[in-house]
Peer 1: 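Pasting a structure here, questions to come.
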Amino acid sequence: MAITLKNAQDIEMMRVACRLASEVLDFITPHIRAGITTGELDRLCHEYMVKEQGTVPAPLNYQPPGYPPYPKATCISVNDVICHGIPGEKVLKHGDALNIDVTVIKDGYFGDTSRMFIVGEGSILAKRLTQVTFECMWLGIRQVKPGAHLGDIGHAIQVHAEAQGYSVVREYCGHGIGQVFHEDPQILHYGRPGTGLELKAGMIFTIEPMINAGKRDIRTMPDQWTVKTRDRSLSAQWEHTVLVTDTGYDVLTVSAGTPKPPEFITQATAA
Ligand code: MF3
Ligand code: CO
Ligand code: CO
């Protein structure tokens, strides 16, 4: 499959879709509290997308080969769920660490982003894993510029996660995105510097590391979507959609509530 380079008009359309995806996360943030179900959070997001934004939730009925249609508007992955948690009757409790992953379609363009949330005061581990995974995402983003290689991104993420004793999930990765939800290239969250595809200005892809507190091994649940850590350890994930610019990168999934980059990014010069 070919890698699409986006033109100026594509990029403007992607900026809108990506901002809207991020605004769904801004919207849902104050609703996240002990006692609410993940199904109710999904319902609120779905309603906001359709009624307030005029966007379409990309996950709903999404059906890659070999999968059943995805039944909800968002993915909500709590504690040992790595990704693709299906919102439902699960009641959030104090200390839960969860990822909410939102992908909207606006005028045919896809915006994809996710954040971690902790209900009330999280454990030391939950806070640390969440922060380290956020840093992993940004260390990967920082590698993005024309002439860099995909292996540079993966390596930066892997080194930071493993230095903390954490592990990188290998079975799921970031992806090209545009007028297609998941397109080439695959963005692995591990790798060796200087290897893999060379980046070119106009590429748009996600960086979305999934980092486990324990071992990297996964187990898929009988619903065929929910992916958990095999050892039941905690897992965290953050996701941005990123454009390769002439000089570096531009994070497209930004809105008023987007968490600020770590200090090491604020201090350096970005795109
Ligand atoms: N948003 C996810 C990603 O980052 C994909 C979810 S597919 C679904 O690529 F069907 F599970 F929603
Ligand atoms: Co994605
Ligand atoms: Co996503």
Side-chain angles (χ1 to χ4, degrees), residues 1-19 21-22 101 103 109-115 131-164 168-170 172-211 237-255 258-271:
M1 212 203 296
I3 291 160
T4 62
L5 292 182
K6 276 67 179 179
N7 64 30
Q9 195 210 320
D10 294 325
I11 290 167
E12 286 322 300
M13 301 294 277
M14 283 299 285
R15 260 185 220 292
V16 173
C18 288
R19 174 180 49 78
S22 188
D101 191 340
T103 312
Y109 288 82
F110 290 70
D112 189 5
T113 187
S114 78
R115 298 181 198 160
Q131 177 62 25
V132 168
T133 304
F134 184 68
E135 291 164 1
C136 283
M137 175 182 67
W138 274 103
L139 287 164
I141 291 171
R142 188 168 73 165
Q143 298 299 318
V144 173
K145 63 178 177 196
H149 292 258
L150 286 179
D152 301 339
I153 299 173
H155 182 75
I157 292 168
Q158 182 180 9
V159 164
H160 190 55
E162 292 180 355
Q164 316 298 317
V168 178
V169 172
R170 308 275 179 128
Y172 300 90
C173 56
H175 50 92
I177 185 167
Q179 290 172 279
V180 173
F181 193 169
H182 294 109
E183 61 184 31
D184 282 344
Q186 292 194 61
I187 313 298
L188 304 182
H189 303 117
Y190 59 92
R192 282 182 295 121
T195 66
L197 183 78
E198 186 177 324
L199 303 185
K200 289 193 170 57
M203 290 179 179
I204 297 182
F205 50 79
T206 71
I207 297 179
E208 49 179 302
M210 284 145 271
I211 306 296
Q237 178 177 30
W238 291 83
E239 176 175 25
H240 270 312
T241 300
V242 178
L243 165 70
V244 185
T245 67
D246 290 332
T247 53
Y249 62 85
D250 196 352
V251 174
L252 301 181
T253 34
V254 289
S255 59
T258 303
K260 285 198 197 347
E263 286 286 307
F264 61 77
I265 294 291
T266 321
Q267 285 165 7
T269 34

Peer 1: Show your reasoning for whether side chain to side chain contact (heavy atoms under 4.5 Å, CB included) applies to Val144 and Ile207.
Peer 2: CA-CA 10 Å; Val144 173; Ile207 297 179; 4.0 Å; yes
Peer 1: Are the side chains of Pro209 and Glu239 in touch, meaning some heavy atoms are under 4.5 Å apart?
Peer 2: no
Peer 1: Please enumerate all residues that pass side chain to side chain donor-acceptor pair (under 3.5 Å) together with Thr113, with sequence neighbours excluded.
Peer 2: none
Peer 1: Kindly compute the distance separating CG (Asn7) from CE (Met13), expressed to the nearest 0.5 Å.
Peer 2: 10.5 Å
Peer 1: Which residues pass the salt bridge (Lys or Arg N to Asp or Glu O under 4.0 Å) test with Arg15, sequence neighbours left out?
Peer 2: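 For Arg15 the salt bridge (Lys or Arg N to Asp or Glu O under 4.0 Å) partners, ignoring immediate neighbours, are Glu12, Asp250.
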Peer 1: Per the side-chain hydrogen bond (donor to acceptor under 3.5 Å, both in side chains) rule, what does the pair list look like for residues 149-160, sequence neighbours excluded?
Peer 2: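 Of all non-adjacent pairs touching residues 149-160, those that pass side-chain hydrogen bond (donor to acceptor under 3.5 Å, both in side chains) are Glu135-His160, Gln158-Glu162.
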Peer 1: Report yes if some heavy atom in the side chain of Phe264 is under 4.5 Å from a heavy atom in the side chain of Leu139; otherwise report no.
Peer 2: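 Answer yes - side chains close enough.
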Peer 1: Would you indicate whether the side-chain heavy atoms of Tyr172 and Gln237 approach each other to under 4.5 Å?
Peer 2: no
Peer 1: Looking at every heavy atom in both Pro146 and Gly248, which two are closest together, and how far apart are they?
Peer 2: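 Of all heavy-atom pairs spanning Pro146 and Gly248, the closest is CD-N, 4.0 Å.
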Peer 1: Measure the shortest side-chain to side-chain distance between Trp238 and Arg115 over non-hydrogen atoms and say whether it is less than 4.5 angstrom.
Peer 2: yes
Peer 1: Working to the nearest 0.5 Å, report the span between CD of Glu263 and CH2 of Trp138.
Peer 2: 13.0 Å
Peer 1: One pair to check against side chain to side chain contact (heavy atoms under 4.5 Å, CB included): Ile3 and Phe205. What are the steps and the verdict?
Peer 2: CA-CA 10 Å; Ile3 291 160; Phe205 50 79; over 6 Å; no
Peer 1: Consider side-chain hydrogen bond (donor to acceptor under 3.5 Å, both in side chains). Of Asp112, Thr241, Asp184, which one does His175 pass it with?
Peer 2: Asp112
Peer 1: Quick one: side chain to side chain donor-acceptor pair (under 3.5 Å) partners of Gln143, sequence neighbours excluded?
Peer 2: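 Expected list: none.
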Peer 1: State, to 0.1 Å, how close Thr258 and Thr253 come at their nearest heavy-atom pair, and which atoms those are.
Peer 2: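 Reported closest heavy-atom pair: OG1-O, 3.9 Å.
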Peer 1: Could you tell me which non-hydrogen atom of Ala17 sits nearest to which non-hydrogen atom of Phe110, and how far apart they are?
Peer 2: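 That would be CB-C, 4.0 Å.
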Peer 1: Can you find a heavy atom in the side chain of Ile157 that is under 4.5 Å from one in the side chain of Val159?
Peer 2: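 The answer is no; the side chains never approach within 4.5 Å.
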Peer 1: Can you tell me how far apart OG1 (Thr103) and CZ (Phe181) are? Round to the nearest 0.5 Å.
Peer 2: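 Going from the OG1 atom of Thr103 to the CZ atom of Phe181 covers 3.5 Å.
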Peer 1: Who are the side chain to side chain donor-acceptor pair (under 3.5 Å) partners of Lys6, not counting sequence neighbours?
Peer 2: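 Result, side chain to side chain donor-acceptor pair (under 3.5 Å) vs Lys6: Thr4, Glu183.
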Peer 1: With sequence neighbours excluded, tell me which residues meet side chain to side chain donor-acceptor pair (under 3.5 Å) with Asp10.
Peer 2: Tyr109
Peer 1: Please round to the nearest 0.5 Å and tell me the distance separating atom CZ of Arg19 and atom CE of Met14.
Peer 2: 13.0 Å
Peer 1: Should Lys145 and Thr247 count as side-chain neighbours, where that means a heavy-atom distance under 4.5 Å?
Peer 2: no
Peer 1: Throw together a table of side-chain donor-acceptor distances under 3.5 angstrom for residues 188-202, partners on residues two or more places apart or in other chains.
Peer 2:
from, atom 1, to, atom 2, distance (Å)
His189, NE2, Glu208, N, 3.0
Thr195, OG1, Arg192, O, 2.6

Peer 1: Determine whether Ile211 and Val168 make a side-chain contact, defined as any pair of heavy atoms from C-beta on separated by less than 4.5 Å.
Peer 2: yes
Peer 1: Take atom CD in Gln186; do more than 12 heavy atoms of anything else shown fall under 6.0 Å from it?
Peer 2: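 It does not: Gln186 CD has 12 such atoms or fewer within range.
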Peer 1: Calculate, to the nearest 0.5 Å, the distance between atoms SG and CD1 belonging to Cys18 and Ile11 respectively.
Peer 2: 11.0 Å
Peer 1: Any side-chain heavy atom of Leu252 sitting closer than 4.5 Å to one from Ile204?
Peer 2: yes
